[in-house]
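Only this structure's heavy atoms are used, side chains among them; waters, hydrogens and symmetry mates stay out.
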Amino acid sequence: MSDAPDLALSLPETVAFLDAAFPQMAAGGRTYHLVGVGPLRATMRMDHHERHLRPGGTVSGPSMMALADYALYAAILANIGPVALAVTTSLNFNFLRKPGPNGLVAEARLLKLGRRLAVGEVAITAPDSQDLVCHATGTYSIPPER
């Protein structure tokens with residue numbers, strides 16, 4: 001995915017905004033990395049780390065939930081600009097396969113980007129497979145003044 005001229009924020013600008021607005025996401029070491037943005041899209045990688053594992057040696061649901069939410073939020077920001085107060089209003093997750101103890105990749109796609117609401121979906125896979133580990137959908141409220 002590459003930067004497109006019609007994006008509100010480029011990949012480096014989106015990363016810089018996320019780092020400034022949400023420094024807590026890198027607390028204890030960065031594991032979530034925004035690696036691409038495009039029209040109505042974003043790709044984020046989550047590195048393997050012990051803190052993301054649950055008993056049984058698989059990536060935990062909460063870590064996948066954070067990855068999906070963060071990837072959708074990044075897609076929205078890249079397309080509308082630096083709006084820190086855009087907030088998640090709903091998330092739905094379908095955990096499809098047990099991921100091994102490794103990193104994951106989230107491909108976020110916005111299905112609707114309106115003035116007040118954004119709706120999107122995220123496909124989460126292991127880096128070495130196209131098989132879905134998790135499918136998520138989410139809705140975000142965008143503040144009226146941007």
Side-chain angles (χ1 to χ4, degrees), residues 1-54 58-115 117-143 146:
M1 211 179 310
S2 63
D3 289 332
D6 57 343
L7 290 176
L9 296 175
S10 68
L11 176 59
E13 291 168 331
T14 306
V15 169
F17 179 77
L18 290 171
D19 286 348
F22 298 100
Q24 64 272 24
M25 289 303 288
R30 181 181 304 274
T31 58
Y32 297 97
H33 306 272
L34 184 62
V35 297
V37 294
L40 304 178
R41 296 185 174 276
T43 302
M44 186 169 283
R45 185 183 83 242
M46 183 184 81
D47 292 339
H48 173 287
H49 192 281
E50 187 71 22
R51 71 177 168 220
H52 296 300
L53 299 181
R54 59 160 292 170
T58 186
V59 177
S60 71
S63 292
M64 287 187 270
M65 291 174 173
L67 175 61
D69 190 27
Y70 206 29
L72 275 174
Y73 187 68
I76 293 167
L77 292 177
N79 282 274
I80 68 171
V83 182
L85 296 179
V87 295
T88 310
T89 59
S90 71
L91 286 172
N92 181 49
F93 293 87
N94 294 295
F95 299 102
L96 305 171
R97 286 178 183 77
K98 178 180 169 181
N102 56 24
L104 297 173
V105 176
E107 294 286 343
R109 180 172 69 106
L110 299 177
L111 304 172
K112 177 190 186 306
L113 182 59
R115 288 189 297 164
L117 284 179
V119 178
E121 67 177 353
V122 181
I124 298 177
T125 60
D128 58 348
S129 173
Q130 292 301 308
D131 292 336
L132 283 181
V133 170
C134 178
H135 178 261
T137 58
T139 303
Y140 297 75
S141 176
I142 301 168
R146 335 184 208 162

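- Screening Thr125, Asp47, Ile124 for a side-chain contact (heavy atoms from CB on, under 4.5 Å) with Leu104, the sole residue that qualifies is Ile124.
- Leu110 has its side chain within reach of Leu72: a pair of non-hydrogen atoms, C-beta onward, lies under 4.5 Å apart.
- Listed here is the closest heavy atom pair of Ala42 and Leu34: CB-CD1, 4.1 Å.
- Using bins of under 30°, 30° to 60° and over 60° for the plane-to-plane angle, the ring pair Tyr73/Phe22 lands in the perpendicular bin.
- Across all their heavy atoms, Ala66 and Tyr32 have their closest contact at CB-OH, 3.5 Å.
- Panel note: side chain Arg97, backbone Leu132; a donor-acceptor pair is recorded below 3.5 Å.
- Across all their heavy atoms, Leu77 and Thr14 have their closest contact at CB-CG2, 4.5 Å.
- With values rounded to the nearest 0.5 angstrom, His33 atom NE2 is found 11.0 Å from Met25 atom CE.
- The two residues Leu18 and Ala74 make their nearest non-hydrogen contact at CD1-CB, 4.0 Å.
- Between the OG1 atom in Thr31 and the CZ atom in Arg45 there is a gap of 10.0 Å [rounded to 0.5 Å].
- Pairs passing the salt bridge (Lys or Arg N to Asp or Glu O under 4.0 Å) check and including a residue from residues 29-39, sequence neighbours excluded, read Asp19-Arg30.
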Ile80 vs Leu9, test: side-chain contact (heavy atoms from CB on, under 4.5 Å). Steps then yes/no. CA-CA 8 Å; Ile80 68 171; Leu9 296 175; over 6 Å; no
Could you go through Leu40 and Leu113, starting from their C-alpha distance and side-chain angles, then the distance that decides it, and tell me whether this counts as side-chain contact (heavy atoms from CB on, under 4.5 Å)? CA-CA 8 Å; Leu40 304 178; Leu113 182 59; 3.9 Å; yes
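- A donor-acceptor pair is defined here as one N or O able to donate and one able to accept, closer than 3.5 Å; no such pair exists between the side chain of Thr137 and the backbone of Glu121.
- Nearest approach of Ala108 to Ala75, heavy atoms of both residues: CB-CB, 4.4 Å.
- Asn79 and Gly38 make their closest contact through ND2-O, 3.3 Å (heavy atoms, listed as atom of the first residue, atom of the second, distance).
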Solution key, residues 87-94 side-chain donor-acceptor pairs under 3.5 Å, sequence neighbours excluded:
unit_1: Thr88; atom_1: OG1; unit_2: Asp69; atom_2: OD1; d: 2.9
unit_1: Thr89; atom_1: OG1; unit_2: Thr139; atom_2: O; d: 3.0
unit_1: Ser90; atom_1: OG; unit_2: Thr139; atom_2: OG1; d: 3.4

side-chain contact (heavy atoms from CB on, under 4.5 Å) for Glu13 and Leu7? Distances and angles first, verdict last. CA-CA 11 Å; Glu13 291 168 331; Leu7 290 176; over 6 Å; no
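- Counting non-hydrogen atoms of neighbouring residues, nucleotides and ligands closer than 6.0 angstrom, the CD atom of Gln24 exceeds 12 such neighbours.
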